[in-house]
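Have a look at the structure below, then the notes.
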Amino acid sequence: MSSKPSIPKGTRDFLPEVMVKRNYIFSTIRTVFEKYGFLPIETPSMENLSTLTGKYGEEGDQLLFKILNSRIHESNKKDQLRSEFELSLEKSRNSEILTEKALRYDLTVPFARFVVQNQNELSFPFKRYQIQPVWRADKPQKGRYREFFQCDVDVVGSDSLIHEIELVLIIDEVLSKLGLTDVTIKLNNLKILSGIAEVCGEKEKLVAITVAIDKLDKIGIDGVIKELREKGVSENAIQKMDPLFALNGSNEEKLRSLSTFLELSETGLKGIEELSYVLENVNKIGVGKANIEFDVTLARGLNYYTGAIFEVKANNVQMGSITGGGRYDDLTGLFGLKGMSGVGISFGADRIYDVMNELNLFPDSVLASTKVLFINFGEAEQFYSMKIASDFRKKGIACEVYPSSVKMAKQMKYANDKKVPFVVMIGSKEMDSGLITFKDMNSGEQFSGKPEDLISRIK
RNA sequence: GUGGUUGUAGCUCAGUUGGUUAGAGCAUCAGAUUGUGGUUCUGAGGGUCGUCGGUUCGAACCCGAUCUUCCACCCCA
């Protein structure tokens, strides 16, 4: 029996009205990326499972969309398939006989794979951008989809902090171009977090510690301490961490008190130095309205970051981070290419869309693709209009001729609904005089003149 | 994955202890206005009440399952 067709949970169809707005976001981002010298690449939707597993931590592995191997019903190893499947029911495991491919989880790890694989074609430092969908087998919520677009910029083969500085400038420029001015760019450095763990004498508990203090905002000091205890962090270490929770003041003040805290950790001090350098120089160059904040509690779970960590939050909107990233010193090392430091960020296009939609930040002009609509008064008038429309298009003006000579109110309404700014009327009067009548739909004013008069008005 | 929540017209939502033909606003379409939209007036169309099953003389309403939405945890764009 036929039931309504549907699409998988967490995926969406995009109607034209939505697509125009999405494309506005993509093209804004792309334009900025290119202005900073980044070049586009694409990689396949699916990667070998072995490329992805183990790169995102245990949680990440669970969120991979694995692809079942094709034609297993034709296999002559059915016993092996059965026993592997039985084992998979008991615990998470990857068995190549069952699944050897997965949809990509992000764009960074496939990029590292790409760099290693194509290293002889690339010249370093290599700056690339990549705008493609990624997939996560997460439980969907608001702002959390199973298929969504990431817009990544990364540079590999350079450990210069100039890139960290430029990434902050890129974030600022993209978001202010989109009208997202009330945002906070949070910065931290993994070396600072390592230093903290070191000073507390719990170096090997780094992940547990960072994950716990990341939740400070949410669960408070007591909650963090409780979680630290549960994770087996010693009382002594927890006590030592106390000053961290009291950090406040300007970025400089926070860094100063932290450098005292970290004075015995070479790594920690290096982190402070890097972060100070980035903050100082970003300030010198200057950004728009974005707040830039050093946040010690900012810890991203990804276990490949080694230096700078970035995260961007839109203020006054209930939405997770809209951009995130960091520096990874040895991601290509996992694929056999040592000594290639990389750093990059990723804009979450779908979340940016949701935030912009909620705050009504899409300009009307985004929706107005057609600049001129020619009213259709009949066949002779229609072809006369089409000739002029053709001239307009040669001048780069998007226009259309209404397809049939239905009553004018309907044609006007079409222009109005589509937010077309100018309507041209050519009836027998205009055909005789060689002039055209055109109306400015915003002001309601109507003029008579040559086609060039309208063109100059539009430009 | 665990726990909870939601679903009624294209959209936002009413719908009484279970009781004739399920309503409103907005949107759509038609007319008032045969060369003038966005304002106004009149009218019309549009629903298997998420889906499947159960209880009942009778279900939008009660029960079960399933899907979906949103929320918390986990994690994250």
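Letters A, B, ... mirror the listed sequences (proteins, then strands); counts begin at 1. All values derive from a computational prediction rather than experimental measurement.
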Assign [X] to base, sugar-phosphate, or nothing according to its heavy-atom contacts below 4.0 angstrom with the strands shown.
| X | result |
| --- | --- |
| A/Tyr145 | base |
| A/Ala409 | sugar-phosphate |
| A/Glu147 | nothing |
| A/Gly444 | base |
| A/Gly143 | base |
| A/Asp214 | nothing |
| A/Gly427 | base |

What nucleotide, of [options], holds the atom closest to the side chain of [X]?
| X | options | answer |
| --- | --- | --- |
| A/Arg136 | B/U28, B/C76, B/U36 | B/C76 |
| A/Lys410 | B/C75, B/G35, B/A30 | B/A30 |
| A/Met408 | B/G37, B/A30, B/U36 | B/U36 |
| A/Met412 | B/U36, B/U68, B/C75 | B/U36 |
| A/Lys9 | B/U69, B/G37, B/C74 | B/U69 |

Can a donor-acceptor pair under 3.5 Å be found between the side-chain atoms of [X] and the base atoms of [N]?
| X | N | answer |
| --- | --- | --- |
| A/Asn416 | B/G38 | no |
| A/Arg144 | B/C75 | yes |
| A/Arg351 | B/C76 | yes |
| A/Glu430 | B/G35 | yes |
| A/Lys439 | B/G37 | yes |

**Study point:** Side-chain (A/Arg327) to main-chain (A/Val343) donor-acceptor, under 3.5 angstrom
**Key:** no

Review point. Checking A/Asn416 side chain against A/Met412 main chain: does a donor-acceptor pair fall under 3.5 Å?
Key: no

With rounding to the closest Å, how many angstrom separate the [atom1] atoms on [N] and [M]?
| N | M | atom1 | value |
| --- | --- | --- | --- |
| B/U5 | B/C71 | C1' | 7 Å |
| B/U42 | B/U33 | C1' | 13 Å |
| B/A72 | B/A65 | P | 25 Å |
| B/U2 | B/A24 | C1' | 40 Å |
| B/A9 | B/C13 | C1' | 11 Å |
| B/U20 | B/U66 | C1' | 32 Å |
| B/G10 | B/G18 | P | 28 Å |
| B/G50 | B/U8 | C1' | 10 Å |

Could you tell me whether [X] and [Y] make a salt bridge, using a distance below 4.0 angstrom between a side-chain N and a carboxylate O?
| X | Y | answer |
| --- | --- | --- |
| A/Asp182 | A/Lys289 | no |
| A/Lys413 | A/Asp417 | yes |
| A/Arg457 | A/Asp453 | no |

So, [X] versus [Y]: side-chain donor-acceptor pair below 3.5 Å or not?
| X | Y | value |
| --- | --- | --- |
| A/Tyr129 | A/Glu34 | yes |
| A/Thr184 | A/Asn315 | yes |
| A/Tyr305 | A/Asn188 | no |

Could you state the atom-to-atom distance from [atom1] of [X] to [atom2] of [N] in whole Å?
| X | N | atom1 | atom2 | answer |
| --- | --- | --- | --- | --- |
| A/Asp138 | B/C73 | CG | C1' | 12 Å |
| A/Lys231 | B/C75 | NZ | P | 7 Å |
| A/Lys407 | B/G31 | NZ | C1' | 7 Å |
| A/Gln411 | B/G35 | CD | P | 10 Å |
| A/Asn376 | B/G35 | CG | P | 13 Å |
| A/Gln62 | B/C73 | CD | C1' | 16 Å |
| A/Glu381 | B/G35 | CD | C1' | 11 Å |
| A/Phe347 | B/C76 | CZ | C1' | 17 Å |

Exercise for review: Let me know, please, whether A/Ser346 or A/Thr437 comes out on the 5' side of the other along RNA chain B by nearest nucleotide.
Suggested key: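 On the 5' side of the pair lies A/Thr437.
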
Point to revise | First encountered from the 5' end of RNA chain B, between A/Glu227 and A/Pro140 | key: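 Looking at the nearest nucleotide for each, A/Pro140 comes out on the 5' side.
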
Under 4.0 Å between a side-chain N/O of [X] and OP1 or OP2 of [N], yes or no?
| X | N | answer |
| --- | --- | --- |
| A/Lys139 | B/U2 | no |
| A/Lys218 | B/C73 | yes |
| A/Gln141 | B/A72 | yes |
| A/Lys215 | B/C74 | yes |

Check your understanding: Which nucleotide, in any strand shown, forms a Watson-Crick or G-U wobble pair with B/C13, with both distances under 3.5 Å?
Key -> B/G23

